[in-house]
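Letters go in sequence order (proteins before strands), and every chain restarts at 1.
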Number of protein chains: 2
Amino acid sequence: MVINQNHTLLDSVPRKTLSKEVADRIIQLLVSGNLKRGDKLPPEMELIKMLSVSRPVLREAMSSLESLGIIHRKTRDGTYFSEKIGSQPYFNMLSLVMDDLPTIIEARMALELGLIALAAEKITQNELEHLYQTIEAISKHPGNYSEIDKEFHRIIAFSVHNPVLDSMIDSLLVAFDQMSKNIEVRERNVAVEHHTAIYEALERRSPPEAFSKMYEHLDYVRKKILKESRKG
Amino acid sequence: MVINQNHTLLDSVPRKTLSKEVADRIIQLLVSGNLKRGDKLPPEMELIKMLSVSRPVLREAMSSLESLGIIHRKTRDGTYFSEKIGSQPYFNMLSLVMDDLPTIIEARMALELGLIALAAEKITQNELEHLYQTIEAISKHPGNYSEIDKEFHRIIAFSVHNPVLDSMIDSLLVAFDQMSKNIEVRERNVAVEHHTAIYEALERRSPPEAFSKMYEHLDYVRKKILKESRKG
DNA sequence: ATTTTATAATTGTAAGACAATTAGGATAAA
DNA sequence: TTTATCCTAATTGTCTTACAATTATAAAAT
């Protein structure tokens, strides 16, 4: 099953260029099961003949697909069907709102709040232990612990093992990181306290409780950062 | 501020093609404030001279940016900086997992759970009234009410007014719609009951309560749909 | 003033050519 | 036989040129 792009209200009369059509057809080739993840696509010259289009048109289509992370090309080797969904498209999109810290924070908050509910359902014992180690590391390790802090959130997010959510949160965490790296609001005690509460809720596998603890945490962080960023 | 794409672990030695570089430079042009949303970009020939690249290279870059929804081109008119963030990139990405209903449902669930928490903070009186009308419509209107049901969820999602989250949820709702349109699990009474509970929690502006009610609702729907889809 | 027409501007598509580098095979040497 | 080296072919990356198609604008005619 393939989504037809032409349902957006924006361009109600969508420009139907050859290269866009070619891109759609290639997506169909990939999704239809003819090719599996990681497979090599036919070389350009062959695709040209298959689709009977010119090389520039094909290359425009390929560029689009590559920027969407659907394929990737190795110079003088070939074109490959991407192994997993990447976050390239999101990064590009986010670069358009990189001046808007509140929007990024809010988006990250929403995503993490949704993720933790699912994490409470699915997180494994291993991941829980890994999570606990990060809390200990923060409380014991001297100096800057921002990397460990991030690790805590990443473990939770990726414990859901959902490729779509993975790429969404990945891009937001990076964007958030970029924008807030000059804002220092670390409070070790608060972090340990909050993280511990979240951890315990996950251990009890209670989505509502995990949500509440995460909400308190992120709400606190959000307010701190927005206050700091208004100062700076 | 612009995100550099080259941080992904996937292609640790990222292929640095001219067209990709050109795409980045154009993004910089847009983001740097020289151009505002909706503005027309210089024609291709001018950009070629500005960036001193060949036309195919420029066009490959433009194709990428267009597929990412950053710009859009009108034939024989010109290229424009997109007004708002679209959901094109997400649709393309989702087409790769369109065979995986559980993944889509889960992603939608996570996003909606995050969104409702923020909606409880921000939803306006107007939007609440609109929401209430959809509940009445479902209970009173005979026949298929799936469109009204979707409207309920859309109102909540878009009440947050976050462009990033908008595009994420938009694509997921469409994908979900496509995949589940053959699965009929409508139960009018349950829908009204659940929606009412959610509505009341939003009215009380309680994120945890709104979350809980939405979680119960989506959990119920999820189980129903997955059971149905396994049958079919 | 309005309509028609023509011109210019702009994007869309095609074809051909060369560069560059990698992979794999052929060849030579140990 | 094994290993190392070299060469050739395959493939992507880039450039140049050209033409098509259509729209917007300006000019001209009514």
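In this structure, A:E147 pairs ionically with A:K150, as a charged nitrogen and a carboxylate oxygen lie closer than 4.0 Å. Electrostatic pairing of B:E112 and B:R108 counts as a salt bridge here, judged by a charged N lying under 4.0 Å from a carboxylate O.
Taking for each of A:D77 and A:L18 the nucleotide of DNA chain C with the nearest heavy atom, the 5'-most of the two is the partner of A:L18. Taking the nucleotide of DNA chain C with the nearest heavy atom to each of B:P56 and B:M45, the more 5' of the two is matched to B:M45.
For B:Y80 and D:dA24, the OH to C1' distance is 10 Å, given to the nearest whole Å. Taking atom CD of residue B:E44 and atom C1' of nucleotide D:dC15, one finds them 15 Å apart after rounding to whole Å. Between the NZ atom of B:K74 and the P atom of D:dT22 there is a distance of 17 Å, rounded to whole Å.
For the OP1/OP2 pair of C:dT22 and a distance below 4.0 Å, the side-chain nitrogens and oxygens of A:T75 include no atom meeting the criterion.
Listed for the B:E46 side chain is no donor-acceptor partner under 3.5 Å among the backbone atoms of B:P43.
Looking at heavy-atom distances under 4.0 Å, B:P43 makes contact with sugar-phosphate atoms alone, never a base.
The closest side-chain donor-acceptor pair between B:N34 and B:S32 falls under 3.5 angstrom.
For a distance-only test at 3.5 Å, the side chain of A:R55 qualifies as a donor-acceptor partner of the base of D:dT14. At a cut-off of 3.5 angstrom, counting only N and O atoms as typed in the model, there is a donor on one side and an acceptor on the other between the side-chain of A:R76 and the base of C:dA20.
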